[in-house]
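Just so we're clear, the structure is a prediction, and the values are computed from it rather than from any experiment.
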Amino acid sequence: MIGGQHRNVQPFSDEDASIETMSHCSGYSDPSSFAEDGPEVLDEEGTQEDLEYKLKGFIDLTLDKSAKTRQAALEGIKSALASKMLYEFILERRMTLTDSIERCLKKGKSDEQRAAAALASVLCIQLGPGIESEEVLKTLGPILKKIICDGTASIQTRQTCATCFGVCSFIATDDITELYSTLECLENIFTKSYLQEKDTNVICSSPNTVLHISSLLAWTLLLTICPISEVKKKLEVHFHKLPSLLSSDDVNMRIAAGESLALLFELARGMDSDFFYEDMESLTQMLRALATDGNKHRAKVDKRKQRSVFRDILRAVEERDFPTETVKFGPERMYIDCWVKKHTYDTFKEVLGSGMQYHLQSNEFLRNVFELGPPVMLDAATLKTMKISRFERHLYNSAAFKARTKARSKCRDKRTDVGEFF
């Protein structure tokens, strides 16, 4: 193990948690409370010292005999790291945390492995690029790769590990050959969806589809940091195969393939403004069909979601246009004005959840990725004016709901009056 020794602990057991152990775990706080309350919980209910005390307890509990307790501890740490910057705290304990994640990935079952992989992603996001995150990846990378390629592991575990492998490699890979190896690992997974292309005009989804989607999205993320020479090689291989995934009967696969194609076009045109795609007419026909899909056999929600996304993808491919999105966080705002930035943002938001806005404000690594500059320093008075209590938020939402209801009632009354008049 890089950077430290394992503690002497008893082997893991899958027995249910005892009443004594579970009460010990709950004594440190409910793990879900971190995700629900976010960083504001410190100001309202405790201090930095309280949070660190709870986290120390969770770190100790990752070595517990009970699988349920270990999983709860992993999830508690992940929720805390997703909602608050704790760089100094985890820097001192990164070897212990890495040891715990490694043990849970190797010896745990599906849910525990997923919790461990999710924590590994957030750990690397906290650490940012550097020797510390590189050591985390060197330790966990081979294990993640083994699980991703293990056909006997659960699909959900492999899916989470694929996302984790992509995120951690994006942050911490310092060896170009390792980056290429990771790309190849992910390619070997999602390209299995290509194999059905010759058999039918529609690619039927399978239990593996969610794994293929996560692998494709992780692969696309890593492609954005590859040298131009490698990008060109990948474009030659995949540009004419990826469109086959647009005929998948899984809406999420269609969208993942479409967004990846839009990003590939953006990269290709960035390298060569006169880039020419031979099958452009065929591709735009497929994209236009998906942007106006009226297939009665598909759910309304799926069709609405798909049409919205593919309108943007079609504009990107045909007109080189991107509909700029604005993301607000605190007193700042960020403009997402290209597919590379959108895909990167979506990936980290999936990992951090509601903590994404906080990390955009405070995490130097993410601020560098999105070219936001150094964190904006705000005084206590400014922070206080920006915050809104739960009670105030409840009152505001209630008032807004009443206003909407009143407006709808008036609109209905007008329609009734018109109907009666005629």
Take Asp312 and Glu259 through the side chain to side chain contact (heavy atoms under 4.5 Å, CB included) test and state the conclusion after the steps. CA-CA 9 Å; Asp312 293 340; Glu259 292 187 336; over 6 Å; no

Taking the side chain as C-beta and beyond, is there a heavy-atom pair between [X] and [Y] under 4.5 Å?
X      : Y      : result
Leu245 : Tyr194 : yes
Cys124 : Leu137 : no
Leu223 : Leu264 : yes
Leu290 : Ile313 : no
Glu364 : Tyr87  : no
Leu97  : Val136 : no
Leu261 : Val317 : no
Phe329 : Met356 : no

Could you grab the distance from atom [atom1] of [X] to atom [atom2] of [Y], nearest 0.5 Å is fine?
X      : Y      : atom1 : atom2 : answer
Leu242 : Leu216 : CG    : CG    : 6.0 Å
Leu105 : Arg114 : CG    : CZ    : 13.0 Å
Glu350 : Leu352 : CD    : CG    : 10.5 Å
Arg269 : Phe276 : CZ    : CZ    : 11.5 Å
Thr69  : Asp60  : OG1   : CG    : 13.0 Å
Phe322 : Ile336 : CZ    : CD1   : 7.0 Å

Who passes side chain to side chain contact (heavy atoms under 4.5 Å, CB included) against Glu319, sequence neighbours left out? Arg315, Asp321

Donor-acceptor pair, [X] side chain versus [Y] backbone, under 3.5 Å?
X      : Y      : value
Ser308 : Arg304 : no
His359 : Ala82  : yes
Glu52  : Phe89  : no
Ser79  : Gly76  : no
Lys341 : Tyr335 : yes
Gln357 : Lys328 : yes
Gln126 : Lys84  : yes
Ser133 : Gly130 : yes

Quick check: are there more than 12 heavy atoms from other residues, nucleotides or ligands sitting under 6.0 Å from CZ of Arg320? yes

Tell me if the aromatic rings of Phe348 and Phe370 count as close, with their centers under 6.0 Å from one another. no

Test of ring centre spacing under 6.0 Å for Phe239 and Phe265: yes

If you apply the rule side chain to side chain contact (heavy atoms under 4.5 Å, CB included), what do you find for Leu123 with Ile77, and how did you get there? CA-CA 9 Å; Leu123 176 61; Ile77 300 167; over 6 Å; no

If you compare all heavy atoms of [X] against all heavy atoms of [Y], which two are closest, and at what distance to 0.1 Å?
X      : Y      : answer
Asp279 : His240 : OD2-ND1, 3.1 Å
Asp64  : Arg70  : O-NH1, 2.9 Å
Leu74  : Glu112 : CD1-O, 3.8 Å
Gln113 : Cys104 : CG-O, 3.6 Å
Ala162 : Ala218 : O-CB, 3.6 Å
Met271 : Ile228 : SD-CG2, 3.2 Å

Ser206 and Thr209: CA distance, side-chain angles, deciding distance, side chain to side chain contact (heavy atoms under 4.5 Å, CB included) verdict: CA-CA 5 Å; Ser206 71; Thr209 299; 3.8 Å; yes

For the pair Asp346 and Lys342, find out whether any cationic side-chain nitrogen is under 4.0 Å from an anionic carboxylate oxygen.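 The answer is yes: the pair qualifies as a salt bridge.
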
Return the orientation label for the Phe275 and Tyr277 ring planes: parallel under 30°, perpendicular over 60°, tilted otherwise.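 Aromatic pair Phe275/Tyr277 classed tilted.
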
For Asp175 and Thr177, which I'm curious about, is there any donor-acceptor pair between the side chains at under 3.5 Å?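 Yes, because at least one side-chain N or O of Asp175 sits under 3.5 Å from a partner of the opposite role on Thr177.
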
Side chains of Gln71 and Glu75, donor plus acceptor under 3.5 Å: yes

Donor-acceptor pairs are to be reported for all side-chain atoms of residues 147-155 against protein atoms at under 3.5 Å, with residues two or more places apart or in another chain.
from   : atom 1 : to     : atom 2 : distance (Å)
Asp150 : OD1    : Thr152 : N      : 2.9
Asp150 : OD1    : Thr152 : OG1    : 2.6
Asp150 : OD2    : Thr152 : OG1    : 3.1
Ser154 : OG     : Ser110 : OG     : 2.9
Ser154 : OG     : Thr157 : N      : 3.1
Ser154 : OG     : Thr157 : OG1    : 2.6

Any side-chain hydrogen bond (donor to acceptor under 3.5 Å, both in side chains) pairs touching residues 178-190, not counting sequence neighbours?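 Qualifying pairs: Lys145-Ser181, Glu187-Trp219, Glu187-Lys234, Glu187-His238.
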
Test Tyr345 against Met334 for side chain to side chain contact (heavy atoms under 4.5 Å, CB included), laying out the working first. CA-CA 11 Å; Tyr345 175 81; Met334 175 177 74; 3.7 Å; yes

